[in-house]
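Notes follow once the structure below has been shown.
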Amino acid sequence: MKPETEQQPAGEGCPVEFTLEIIGGKWKGIVLYHLIGGTKRFNEFRRICPSVTQRMLTLQLRELETDGLIHREVYHQVPPKVEYSLTPLGQTLVPLILQMKAWGETHRKDINAKKTAAEQS
């Protein structure tokens with residue numbers, strides 16, 4: 001597929017740039033990927049992504065919620081319970097996320113080998 005070369009209407013910018021702005025970042029794609037399998041609680045994400053800080057995870061979840069990609073359900077109980085799930089808009093990203101997963105599985109080994117070789121030169 002060839003990239004479009006036509007001019008974007010004023011103020012719209014590149015659609016790829018827009019998409020990356022919405023789902024980019026170290027944790028958003030990972031959060032979206034794990035929500036494909038169903039609803040997750042905050043602490044489940046902490047176990048899945050142990051190196052993410054609570055603050056960063058909270059920020060990324062809020063941004064995804066603000067953009068309409070995930071739904072946050074708060075259960076008023078003791079202890080408090082919060083669950084996250086994909087919205088219909090978030091579901092539209094499932095094919096893209098699965099393609100990214102497949103690409104990573106296919107190319108990870110070769111790219112890591114090239115990085116290692118470059119670091120040793």
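Along the sequence shown, the residues carry numbers beginning at 1.
Within the 4.5 Å cutoff, the side chain of Leu61 has no heavy atoms near those of the Glu65 side chain. The closest side-chain heavy-atom distance from Arg46 to Asn43 is below 4.5 Å. With a 4.5 Å cut-off on side-chain heavy atoms, Ile70 and Leu86 count as touching. Within the 4.5 Å cutoff, no side-chain heavy atoms of Trp103 are placed close to those of Gln99. Side-chain contact between Phe45 and Leu35: present, with at least one pair of heavy atoms (C-beta onward) separated by less than 4.5 Å.
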Criterion side chain to side chain contact (heavy atoms under 4.5 Å, CB included) on Ile48 and Lys40, from CA distance to verdict
CA-CA 10 Å; Ile48 292 167; Lys40 297 280 184 282; 4.1 Å; yes

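In this structure, NE2 in His34 is found 11.0 Å from CD1 in Ile97, a value given to the nearest 0.5 Å. Annotation: the span from Ile23 atom CD1 to Phe18 atom CZ amounts to 10.5 Å, rounded to 0.5 Å. Distance OH/Tyr75 to CZ/Arg41: 9.5 Å, rounded to 0.5 Å. Atom CG of residue Leu93 and atom CG of residue Leu98 lie 10.5 Å apart, to the nearest 0.5 angstrom. The distance from the CD atom of Gln91 to the OG atom of Ser85 is 8.5 Å, given to the nearest 0.5 Å.
Residue-environment remark: CZ (Phe42) exceeds the threshold of 12 foreign heavy atoms within 6.0 Å.
Taking every heavy atom of both residues into account, Glu21 and Lys28 meet most closely at O-NZ, 4.0 Å. Between Ile30 and Cys49, the shortest heavy-atom contact is CG2-SG, 3.5 Å. A pairwise comparison of heavy atoms in Val52 and Leu57 identifies CG2-N, 3.7 Å as the closest pair.
Residues Leu20 and Leu32 are members of separate hydrophobic clusters, defined by side-chain heavy-atom contacts under 4.5 angstrom among Ile, Leu, Val, Met, Phe, Trp and Tyr. If you chain together hydrophobic residues whose side chains sit under 4.5 Å apart, Met100 and Ile111 never meet in one group.
Between Glu105 and Lys101, at least one side-chain N (NZ, or NE/NH1/NH2) sits under 4.0 Å from a carboxylate O, which counts as a salt bridge.
A donor-acceptor pair is defined here as one N or O able to donate and one able to accept, closer than 3.5 Å; no such pair exists between the side chain of Thr92 and the backbone of Pro88.
When each of His71, Glu44, Glu73, Arg72 is paired with Tyr84, the side-chain contact (heavy atoms from CB on, under 4.5 Å) condition holds for Arg72 and for no other.
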